[in-house]
Amino acid sequence: MKKKVMIVVGLLMLSFIIGSQKSEAIGTRQDIVNEAHKYLGVPYVLGGTTPNGFDCSGLVQYVFRQQGYSLPRVTTEQEYAGTVISVAEAQPGDIYFFGSRGRTSHDGIAIGGGNFIHAPTTGDVVKITNIKYFKPDFAVRIISNTPPIATHKAIVISPFNENEALDRLAEFRKAMPHYEAFLKQLPNKTQYELVVQPFTVNEVQGKLSELNNKFPGWSKQIVDLRDVAKPQGVLISPFTGSEVAEKYLEIKQKTGYMTQITGNVSGQVDKTKKAVVISPFNENEALDRLQEFRKAFPSYSAFLMQLPNKTQYQLVVQPFTPSEVASKVQEFKVKFPGWSMITTDLQDVVNQRGVMISPFNGKEAGERYIEIKQKTGYIMQLVDA
């Protein structure tokens with residue numbers, strides 16, 4: 001009897017030990033990237049380790065912990081938590097480090113395309129930066145590249161044309177508000193699949209039957225999870241150098257999204273010609289000042305150019321010969337005596353440029369792309385942000 005009691009107690013203890021052991025880290029690279037995006041805009045707080053405020057290593061530790069990985073607290077310890085790789089080898093979910101090995105002072109989470117999410121410094125917020133502006137010294141890989149066994153699936157409903165995709169997405173969300181659904185652009189760039197994920201391998205067949213009953217006319221299939229790790233942007237182009245700033249302001253006003261002018265000036269100008277530059281005007285008044293000038297002087301070629309601070313604009317009137325430019329300044333000052341005007345060399349507007357709206361996460365990029373195209377009507381494409 002005593003022996004039986006001991007065996008029972010031993011089995012209970014073993015059962016308790018096994019039941020108490022939790023599975024090890026399960027988050028994928030995509031999970032790490034998606035988790036990091038949740039904290040964009042959180043203020044930097046020295047020593048911060050929560051969504052109320054992060055410092056750099058506090059953010060990295062917290063993001064990985066939410067996905068089941070236990071990392072040390074500070075950068076000089078985090079850099080030894082995985083495999084050291086070069087910056088060029090880094091993939092989404094790896095960690096960039098700044099400073100020499102053993103003396104690092106900053107780190108951030110790679111999200112693809114040379115971008116990373118980090119908590120920069122006092123007075124700033126968690127944000128996305130590109131390595132060409134803030135170059136790391138090395139990277140560390142926490143998550144192995146060995147493909148894990150697929151435990152989750154997606155249901156893809158497609159194809160939908162661009163002019164109906166938003167309506168079908170809204171229709172699905174209204175009928176199935178408890179599911180996560182988003183649009184993903186197909187390679188032909190004119191059609192979209194409606195992705196519903198994630199589902200476990202065990203439940204996905206039942207979910208497919210449920211969706212078939214609700215939407216019998218829609219084509220559906222079970223696929224692997226769709227990759228939404230890479231942030232994307234909407235590139236609107238091409239615009240001439242003399243119209244891009246004006247289009248930038250119009251697009252920003254129509255969409256309300258984070259926007260920037262892309263491309264470079266050519267460096268090719270006619271040194272025998274001159275321009276009259278009227279500036280500076282703030283972003284919220286530049287378009288009005290341009291229209292005001294054009295109404296007063298419809299015979300002149302006038303356009304806006306964004307200043308290096310990216311918040312102010314100069315109004316450029318060109319081309320003029322050196323012999324006539326001074327008289328043009330006087331003519332303009334009579335009409336607009338309160339505006340600051342100077343004569344300068346012809347402004348470079350040779351290269352075509354674009355307007356980039358970004359970043360959008362992989363789950364929203366397709367939806368935002370269609371919305372922006374409908375609002376602006378311009379030629380555009382989805383690109384890695």
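What's counted below: heavy atoms across the whole structure, side chains too, no hydrogens, waters or symmetry copies.
Residue Val33 comes nearest to Pro92 through the heavy atom pair CG2-CB, 3.8 Å, listed as atom of the first residue, atom of the second, then distance. Nearest heavy-atom pair, Ile85 versus Ala90, reported as atom, atom and distance to 0.1 Å: CD1-CA, 3.8 Å.
Ion pair Glu203/Lys153 not flagged as a salt bridge, since none of the NZ, NE, NH1 or NH2 atoms sits closer than 4.0 Å to an Asp/Glu carboxylate oxygen. Classification of Asp94 and Arg29 as a salt-bridged pair holds, one side-chain N sitting under 4.0 Å from a carboxylate O. With respect to Arg141 and Glu89, no salt bridge is recorded, no charged nitrogen being found less than 4.0 Å from a carboxylate O.
Using a 3.5 Å distance cut-off with no hydrogens or angles, the side chains of Asp348 and Ser266 do pair a donor with an acceptor. A donor and an acceptor atom, one from each side chain of Gln330 and Ser327, are nowhere located under 3.5 Å apart. Side chains of Asn213 and Glu210: a donor-acceptor N/O pair is absent below 3.5 angstrom, by distance only. Between the side chains of Asn212 and Ser209, no donor-acceptor pair of N or O atoms lies under 3.5 Å. Side-chain N/O atoms of Gln291 and Asp288 include no donor and acceptor closer than 3.5 Å. Using modelled atom types and a 3.5 Å distance limit, the side chains of Thr190 and Glu162 yield no donor-acceptor pair. Asp270 and Thr272 share a donor-acceptor pair across their side chains, judged by distance under 3.5 Å alone.
Proximity of a side-chain donor or acceptor of Tyr192 to a complementary backbone N or O of Asn161 within less than 3.5 Å is not detected. In this structure, Asn188 contributes its side chain and Gln191 its backbone to a donor-acceptor pair below 3.5 Å. A donor-acceptor distance shorter than 3.5 angstrom exists from the side chain of Asn361 to the backbone of Glu364, with no hydrogens or angles considered. At least one donor-acceptor pair closer than 3.5 Å links the side chain of Thr75 to the backbone N or O of Thr104. Judged by distance alone, the side chain of Thr259 and the main-chain N or O of Tyr257 form a donor-acceptor pair under 3.5 Å.
Ring planes of Phe293 and Tyr300: tilted class, angle from 30 to 60°. Note: His118 and Phe116 have tilted aromatic rings, judged against thresholds of 30 and 60 degrees for the angle between ring planes.
A centroid separation of 6.0 Å or more is found between the aromatic rings of Trp339 and Phe332. Ring centers of His106 and Phe134: under 6.0 Å apart, within the cut-off. Residues Phe281 and Tyr313 place their aromatic rings such that the two centres sit no closer than 6.0 Å. For Phe138 and Phe98, the ring centers are positioned 6.0 Å apart or more. Ring-centre distance between Phe360 and Tyr369: not below the 6.0 Å cut-off. Outside the 6.0 Å centre-distance limit, the rings of Phe54 and Tyr44 are not counted as a close aromatic pair.
Counting side-chain heavy-atom gaps under 4.5 Å among Ile, Leu, Val, Met, Phe, Trp and Tyr, the cluster of Phe182 also holds Val156, Val195, Val223, Val228. Applying the under-4.5 Å side-chain rule to Ile, Leu, Val, Met, Phe, Trp and Tyr, the cluster around Ile342 extends to Val277, Phe303, Met305, Val316, Val349.
Exactly one residue among Arg173, Lys184, Arg168 makes a salt bridge (charged side-chain N to carboxylate O under 4.0 Å, His left out) with Glu367. That residue is Arg173.
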- [ ] For Glu292 and Arg289, run salt bridge (charged side-chain N to carboxylate O under 4.0 Å, His left out): C-alpha distance rounded to whole Å, both residues' side-chain angles, the deciding distance at 0.1 Å, then the answer.
- [x] CA-CA 5 Å; Glu292 191 176 349; Arg289 297 295 80 79; 2.9 Å; yes
Open item on the list: side-chain contact (heavy atoms from CB on, under 4.5 Å) for Glu246 and Glu250? Distances and angles first, verdict last.
Closed with: CA-CA 6 Å; Glu246 183 178 355; Glu250 290 176 351; 3.8 Å; yes
TODO: For side chain to side chain donor-acceptor pair (under 3.5 Å), just list the numbers for Asp31 and Thr28, CA-CA rounded to whole Å, side-chain angles, deciding distance to a tenth of an Å, and then say yes or no.
DONE: CA-CA 5 Å; Asp31 292 330; Thr28 64; 3.0 Å; yes
Open item on the list: Working note: Arg101 + Asp137, criterion side-chain contact (heavy atoms from CB on, under 4.5 Å); need CA distance, chi angles, decisive distance, verdict.
Closed with: CA-CA 9 Å; Arg101 192 85 193 278; Asp137 294 280; over 6 Å; no
Open item on the list: Walk me through whether Lys214 and Met176 qualify under side-chain contact (heavy atoms from CB on, under 4.5 Å).
Closed with: CA-CA 9 Å; Lys214 188 67 179 177; Met176 302 286 184; 3.6 Å; yes
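By the side chain to side chain contact (heavy atoms under 4.5 Å, CB included) test, Val45 is found to be paired with no residue, residues two or more places apart in sequence or in another chain being considered. When the ring-ring contact (aromatic ring centres under 6.0 Å, His included) test is applied to His37, no partner is found at least two apart in sequence or on another chain.
Contact of the Leu194 side chain with the Val196 side chain is registered, since non-hydrogen atoms from C-beta on lie closer than 4.5 Å. Taking 4.5 Å as the limit, every side-chain heavy atom of Ile379 sits out of range of all side-chain heavy atoms of Ser237.
More than 12 heavy atoms of other residues, nucleotides or ligands shown are found within 6.0 angstrom of NZ on Lys220. For Lys254, the NZ atom counts as densely surrounded, since its 6.0 Å shell holds more than 12 non-hydrogen atoms of other residues, nucleotides or ligands.
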Using residues 56-65 as the side-chain source, report each donor-acceptor pair under 3.5 Å to any protein atom, sequence neighbours left out, with the distance given to one decimal.
from: Ser57; atom 1: OG; to: Arg73; atom 2: O; distance (Å): 3.0
from: Ser57; atom 1: OG; to: Arg73; atom 2: NH1; distance (Å): 2.7
from: Gln61; atom 1: NE2; to: Leu71; atom 2: O; distance (Å): 3.1

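Summarising the geometry, atom CG belonging to Leu183 is positioned 4.5 Å from atom CG belonging to Leu169; distances are rounded to the nearest 0.5 Å.
One hydrophobic cluster, built from ILVMFWY side chains closer than 4.5 Å, cannot hold both Leu304 and Val350; they sit in different ones.
The salt bridge (charged side-chain N to carboxylate O under 4.0 Å, His left out) pairs that include a residue from residues 32-42 are Glu35-Lys38, where partners are two or more places apart or lie in different chains.
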